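Numbering of residues begins at 1 and proceeds along the displayed sequence. Being a predicted model, the structure only gives us computed values, none of them experimental.
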Amino acid sequence: MVCKRVLFFLGLSFLLMSATAFLPKTAEKKIVLKRKVLKEGEGSGIEEIYSKLHTSGFSLPKLESFKEALEGFYKLKAQGLVTKNIVTLIDFSLSSNTKRLWVIDLDSDSILIHSLVAHGKNTGEEFASSFSNKAESYKSSLGFYVTGEIYNGKHGKSLRLDGLEKGINDNARNRAVVVHGASYVSDIFIKNNQRLGRSLGCPAVPLAVTDELIRTIKDKSCLFIYYPSDSYKYFSSII
């Protein structure tokens with residue numbers, strides 16, 4: 001009788017252990033499958049948002065830059081790193097003589113602001129081509145940022161930025177890379193100099209839109225600086 005009980009409990013233990021061993025693998029497969037489905041459906045969802053954007057008469061950003069911006073935004077929102085449904089997209093593949101900054105409200109799927117924006121003076125002339133995370137490089141940094149607090153500095157009202165990508169833009173706050181207004185970001189400057197003015201690495205904007213832009217994107221919204229860089233895509237932890 002004792003032997004039978006021992007055998008019974010040994011058999012029961014074996015069955016429980018076997019069942020437990022299979023559960024994690026099954027759960028893991030389900031998670032991988034879910035991620036695959038989400039990933040496969042993500043692009044079409046973003047393209048649908050893009051096609052339905054209310055432009056308010058503004059030009060649309062390129063689909064490629066828009067997709068990267070939203071893919072990163074959704075990841076950062078899921079992690080709680082950004083809280084607003086506002087995305088600021090800056091496309092540094094475009095000429096500095098064109099409006100290449102968009103502020104997009106994802107609650108209403110509408111473009112709120114479309115503006116000129118400067119790149120760093122060592123990043124390029126009319127076109128941006130070289131980027132850095134180093135202090136005193138006077139270059140722009142690519143990638144994803146979260147907007148911080150407003151302060152008044154030498155350029156007046158300004159907005160601090162925190163770079164979210166290690167080795168790519170995480171030195172932004174130490175470098176004082178911020179959103180601010182500047183007189184050299186204007187159509188008049190372009191007319192007189194054949195290109196937009198350049199900053200020391202900040203995404204400087206026209207004085208006329210500074211207050212509205214800062215007020216709209218402050219306090220943990222997503223800002224993304226795009227450029228079709230294979231190096232950035234390789235090292236980025238977000239894209």
Side-chain angles (χ1 to χ4, degrees), residues 42-77 82-119 126-128 140 142-150 155-161 178-191 195-197 199 202-228 239:
E42 191 175 61
S44 60
I46 291 174
E47 288 178 14
E48 185 178 354
I49 294 170
Y50 180 83
S51 67
K52 293 181 178 179
L53 275 178
H54 303 294
T55 62
S56 303
F58 300 131
S59 300
L60 283 168
K62 291 189 296 186
L63 178 57
E64 182 182 354
S65 61
F66 182 80
K67 286 176 72 173
E68 283 196 17
L70 259 66
E71 285 170 5
F73 163 78
Y74 288 132
K75 289 180 183 178
L76 298 174
K77 190 73 186 293
V82 299
T83 58
K84 287 185 173 180
N85 291 331
I86 297 282
V87 174
T88 303
L89 167 60
I90 296 172
D91 185 349
F92 275 163
S93 71
L94 301 175
S95 164
S96 63
N97 295 348
T98 64
K99 293 181 178 181
R100 51 185 180 165
L101 178 151
W102 291 262
V103 177
I104 302 162
D105 183 349
L106 295 175
D107 285 330
S108 60
D109 291 337
S110 59
I111 298 174
L112 303 179
I113 298 171
H114 186 205
S115 173
L116 295 168
V117 61
H119 56 248
E126 177 185 342
F127 286 89
S140 300
L142 300 177
F144 286 89
Y145 300 75
V146 59
T147 61
E149 69 279 11
I150 297 173
H155 297 288
K157 182 180 285 187
S158 305
L159 181 66
R160 296 198 188 278
L161 298 173
V178 302
V179 176
H180 66 78
S183 59
Y184 55 77
V185 186
S186 66
D187 291 323
I188 293 174
F189 191 97
I190 294 172
K191 184 178 179 180
R195 63 160 173 79
L196 194 71
S199 67
C202 298
V205 297
L207 293 171
V209 304
T210 302
D211 284 350
E212 180 189 3
L213 190 148
I214 287 177
R215 184 174 64 253
T216 303
I217 72 172
K218 67 177 181 177
D219 297 333
K220 292 196 173 182
S221 74
C222 174
L223 184 146
F224 175 55
I225 298 180
Y226 168 84
Y227 187 82
I239 292 298

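By the 4.0 Å N-to-carboxylate-O rule, Lys218 lies too far from Glu149 to be salt-bridged with it. Ion pairing between a basic and an acidic side chain is recognised when a charged N comes within 4.0 Å of a carboxylate O; Lys52 and Glu48 show such pairing.
Remark: the backbone N or O of Val117 is paired with a side-chain donor or acceptor of Arg100 at under 3.5 angstrom. Between the side chain of Ser56 and the backbone N or O of Phe58 there is no donor-acceptor pair closer than 3.5 Å. In this structure a side-chain-to-backbone donor-acceptor pair under 3.5 Å is present from Ser158 to Gly156. For the pair Thr147 (side chain) and Ser221 (backbone), a donor-acceptor distance under 3.5 Å is present.
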task: Please lay out, stage by stage, how Thr88 and Trp102 fare under the test side-chain contact (heavy atoms from CB on, under 4.5 Å).
output: CA-CA 6 Å; Thr88 303; Trp102 291 262; over 6 Å; no

message: Using the rule given for side-chain contact (heavy atoms from CB on, under 4.5 Å), can you reason through Leu207 versus Val185, listing the C-alpha separation, both sets of side-chain angles and the distance that settles it, and then say yes or no?
response: CA-CA 8 Å; Leu207 293 171; Val185 186; over 6 Å; no

field: Verdict with reasoning, Leu223 to Val146, per side-chain contact (heavy atoms from CB on, under 4.5 Å)
entry: CA-CA 6 Å; Leu223 184 146; Val146 59; over 6 Å; no

- prompt: Passes side-chain contact (heavy atoms from CB on, under 4.5 Å), Leu159 versus Ile217? Steps please.
  reply: CA-CA 9 Å; Leu159 181 66; Ile217 72 172; 3.5 Å; yes

Pair Phe224-Phe144, ring-ring contact (aromatic ring centres under 6.0 Å, His included): steps then yes or no: CA-CA 5 Å; Phe224 175 55; Phe144 286 89; 4.1 Å; yes

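Closest heavy-atom contact between Gly181 and Thr210: CA-OG1, 3.2 Å. Residues Lys77 and Thr83 share a closest heavy-atom pair of CE-O, 3.4 Å. A pairwise comparison of heavy atoms in Tyr226 and Asp91 identifies CD2-OD1, 3.1 Å as the closest pair. Lys84 and Arg215 make their closest contact through NZ-O, 4.3 Å (heavy atoms, listed as atom of the first residue, atom of the second, distance). Shortest non-hydrogen contact noted between Ile111 and Pro61 is CD1-CD, 4.3 Å. Taking both residues in full, the closest heavy atoms of Ile104 and Phe66 are given as CD1-CE1, 3.7 Å, listed atom of the first, atom of the second, then distance.
One distance of note links CD1 of Ile46 with CD of Glu68; it measures 10.0 Å at 0.5 Å rounding. Rounding to the nearest 0.5 Å places CG of Leu112 at 9.5 Å from CG of Leu213. For the atom pair CG of Leu53 and OG of Ser110, the computed distance is 8.0 Å after rounding to the nearest 0.5 Å. Rounded to the nearest 0.5 Å, atoms OH (Tyr145) and CD1 (Ile225) are 4.0 Å apart. Distance OG1/Thr55 to CG/Asp109: 12.5 Å, rounded to 0.5 Å. Rounded to the nearest 0.5 angstrom, His114 NE2 and Ser59 OG are separated by 5.5 Å.
In this structure, the side chains of Leu101 and Pro203 stay at 4.5 Å or more apart for every pair of heavy atoms. Residues Ile113 and Val205 form no side-chain contact, since every pair of their non-hydrogen atoms from C-beta on lies 4.5 Å or further apart.
There is a side-chain donor-acceptor pair under 3.5 Å between Ser93 and Lys62. Using modelled atom types, one finds no donor on one side chain facing an acceptor on the other under 3.5 Å when comparing Glu126 with Ser96.
Ring orientation note: the planes of His155 and His180 are close to parallel, at an angle under 30° on the 30°/60° scale. Taking the six-membered ring where the residue is Trp, Phe189 and Tyr184 present perpendicular rings, their angle passing 60° and hence far from 30°.
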